[in-house]
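Within every chain, numbering begins at 1; the chains are lettered A, B, ... in the order of the sequence lines, protein sequences first and strands thereafter.
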There are 2 protein chains.
Amino acid sequence: MPSDLGTPAQPGSRIWYNCALAVDIVLLTIRHDQLYVLLINRSAPQAGQLALPGGFVLPDEDLQDAALRELGDETSLQVAIRHLEQLKTYGRPGRDPRGRVISVAYLVITPDLPEPRPGTDAIGARWHPVPQLLDRPGSLAFDHDTILADGVERARAKLEYTTLAAAFCQDDFTVAELRRIYEIVWATRLDPRNFHRKLTSTDFLEPTGQTTTRDGGRPAALYRVREDAAGIMNPPLLRKAD
Amino acid sequence: MPSDLGTPAQPGSRIWYNCALAVDIVLLTIRHDQLYVLLINRSAPQAGQLALPGGFVLPDEDLQDAALRELGDETSLQVAIRHLEQLKTYGRPGRDPRGRVISVAYLVITPDLPEPRPGTDAIGARWHPVPQLLDRPGSLAFDHDTILADGVERARAKLEYTTLAAAFCQDDFTVAELRRIYEIVWATRLDPRNFHRKLTSTDFLEPTGQTTTRDGGRPAALYRVREDAAGIMNPPLLRKAD
DNA sequence: CCAAAAGTGTTTGATTTACACCCATGG
DNA sequence: CCATGGGTGTAAATCAAACACTTTTGG
């Protein structure tokens with residue numbers, strides 16, 4: 001019985017346990033009019049390098065539960081999670097120097113958080129602006145550069161035909177705040193007047209009846225996401241230019 | 001050292017191998033004007049049941065390589081593969097009675113094959129019509145019903161904004177043949193005249209100069225996919241009705 | 001000649017875009 | 001009153017849907 005096959009799952013089993021299973025989380029938010037991602041400072045291997053939060057899946061733990069647990073351990077903000085989806089799985093041999101580690105990546109979106117730094121524990125989770133990280137490949141440990149790029153690309157694509165943008169917003173938000181999400185994630189400009197008309201004509205925004213002047217100027221109506229709104233919009237909400 | 005953590009990856013390692021890694025393949029094609037999926041008859045557990053082709057990833061083997069290898073082992077048609085992408089990862093504890101098995105699913109598209117049955121080996125890989133399978137949950141082993149449904153849904157979605165439909169076609173194809181792909185996968189009818197105008201106005205079809213009368217009637221121009229065509233079309237090629 | 005499918009033209013309505021203009025607040 | 005952003009109206013351009021009509025083959 002060759003040892004590089006690992007160990008039998010059960011005594012006499014015909015299958016072998018020969019890899020370690022991890023989850024990594026791409027947690028995106030918008031602050032200071034920029035896209036930010038939550039990163040930790042690694043200790044074990046690749047010490048001192050920045051990395052996505054994540055960790056090993058427990059025996060008998062579901063993948064998504066593991067992602068939520070790791071996020072809670074390393075930060076402390078699971079309350080505000082508005083969106084969580086499986087992103088992609090990374091399993092290239094050699095991606096982790098410790099052995100065969102395969103990592104299921106999750107994409108998580110939250111609104112900007114009141115506290116500047118969530119999870120002020122030893123690991124030191126902090127927000128980092130995304131554009132700079134994408135400009136400098138090699139700034140993250142393991143293959144986390146690739147995972148981050150894939151996560152951002154997924155978020156960009158989903159703004160077009162889902163209600164994902166609202167996951168970056170507080171419970172109640174103005175149309176202009178929602179528009180800023182699109183403008184920042186797509187790095188583009190959108191006509192405020194046409195955007196307003198288009199978004200208020202869909203059935204995914206529900207007026208709260210309140211208004212706010214927090215953005216200056218004339219008071220803006222506040223909206224929330226309709227409870228029964230489908231996540232996927234057909235036709236697409238907006239089209240990203242080439 | 002609790003045994004349910006698995007075994008250390010290396011002597012003295014701080015990580016444990018505690019799961020088995022598999023790939024499963026959703027291989028779709030169109031034949032007899034219907035969507036078909038390639039299934040095998042299981043032997044080991046769930047014997048006699050139908051299942052997606054797949055198997056365990058070898059140590060030091062990349063995930064995508066494993067998918068291609070398993071496809072080659074159980075069928076024998078890797079030549080015709082036009083599209084391969086990672087679909088999703090399934091890791092619910094208990095999804096496999098043999099232990100903790102996590103499976104990375106791949107979606108593969110091929111054109112209709114000359115031979116009625118690819119891979120006439122012991123395992124007995126055969127084409128099965130998709131609609132009947134989706135109508136009867138429980139017809140596949142493990143959680144392969146879910147995986148198949150996710151694969152079909154991915155293919156449906158991607159027809160809308162990518163050139164994926166051409167992956168179901170032979171090298172050279174007519175506009176009408178391409179239209180049949182859409183009609184079958186979306187279970188809808190498309191106006192042949194508007195479809196023709198729309199598709200020939202994109203830059204992803206390249207006329208071969210040849211014509212064919214294989215569909216009857218007036219000879220139709222043959223096209224192939226342009227070498228340098230981007231896979232993603234913006235604006236979307238066609239919109240699927242609600 | 002007829003049936004069948006390819007392919008073009010045209011009309012109509014919907015959607016998108018650009019931008020003029022008015023509204024309601026804070027300072 | 002004025003600067004600031006919220007919000008509505010409208011005309012032009014673009015796109016989508018429906019369908020009349022012509023073209024080119026096989027039988």
field: Note: B/Arg95-B/Asp143 ion pair, threshold 4.0 Å (strictly below)
entry: yes
Separation of D/dG6 P from A/Leu222 CG (nearest whole Å): 12 Å
message: Ignoring hydrogens, what is the shortest heavy-atom contact between A/Phe195 and A/Leu178? Give both atom names and the distance.
response: CZ-C, 4.0 Å
task: Flag this pair as yes if the NZ/CZ of A/Arg226 is under 6.0 angstrom from the six-membered ring centre of A/Phe204 and inside a 45 degree cone about the axis; otherwise no.
output: no
query: Under the side chain to side chain contact (heavy atoms under 4.5 Å, CB included) criterion, do B/Leu222 and B/Arg214 qualify, and how do the steps go?
result: CA-CA 11 Å; B/Leu222 283 166; B/Arg214 65 190 179 215; 3.5 Å; yes
task: Can you sort out the partners of B/Tyr161 under ring pair (Phe, Tyr, Trp, His ring centres under 6.0 Å), two or more places apart, ordered by chain and number?
output: none
message: Quick check: on DNA chain C, is the nucleotide nearest A/Pro236 upstream (toward 5') of the one nearest B/Thr174, or the reverse? Name the residue that is more 5'.
response: B/Thr174
- prompt: Going by an N to O cut-off under 4.0 Å, is there a salt bridge joining B/Asp73 and B/Arg69?
  reply: yes
message: Quick test of your reading of the model: are A/Arg224 and A/Asp171 salt-bridged, counting only N-O distances below 4.0 Å?
response: no
query: Earliest and latest nucleotide of DNA chain C, 5' to 3', sitting under 4.0 Å from a non-hydrogen atom of chain A?
result: C/dT16 to C/dT25
- prompt: With the threshold set at 4.0 Å, does a side-chain nitrogen-carboxylate oxygen contact exist between B/Asp62 and A/Arg92?
  reply: no
- prompt: Which of residues 207-221 of chain A have a heavy atom under 4.0 Å from DNA chain D?
  reply: A/Asp215, A/Gly216, A/Gly217, A/Arg218, A/Pro219, A/Ala220, A/Ala221
- prompt: Which residues satisfy the salt bridge (Lys or Arg N to Asp or Glu O under 4.0 Å) test with A/Arg180, sequence neighbours excluded?
  reply: A/Asp33, A/Glu183
Strand contacts (DNA chain C) in residues 182-204 of chain B, 4.0 angstrom heavy-atom criterion: B/Arg193, B/His196, B/Arg197
Review item, side-chain donor-acceptor pairs of residues 147-159 of chain A, under 3.5 Å, at least two apart:
| unit_1 | atom_1 | unit_2 | atom_2 | d |
| --- | --- | --- | --- | --- |
| A/Asp150 | OD2 | A/Tyr90 | OH | 2.6 |
| A/Arg154 | NH1 | A/Glu85 | OE1 | 2.7 |
| A/Arg154 | NH1 | A/Gln86 | O | 3.3 |
| A/Arg154 | NH2 | A/Leu87 | O | 2.8 |
| A/Arg156 | NE | A/Val185 | O | 2.8 |
| A/Lys158 | NZ | A/Glu85 | OE1 | 3.3 |
| A/Lys158 | NZ | A/Glu85 | OE2 | 3.3 |

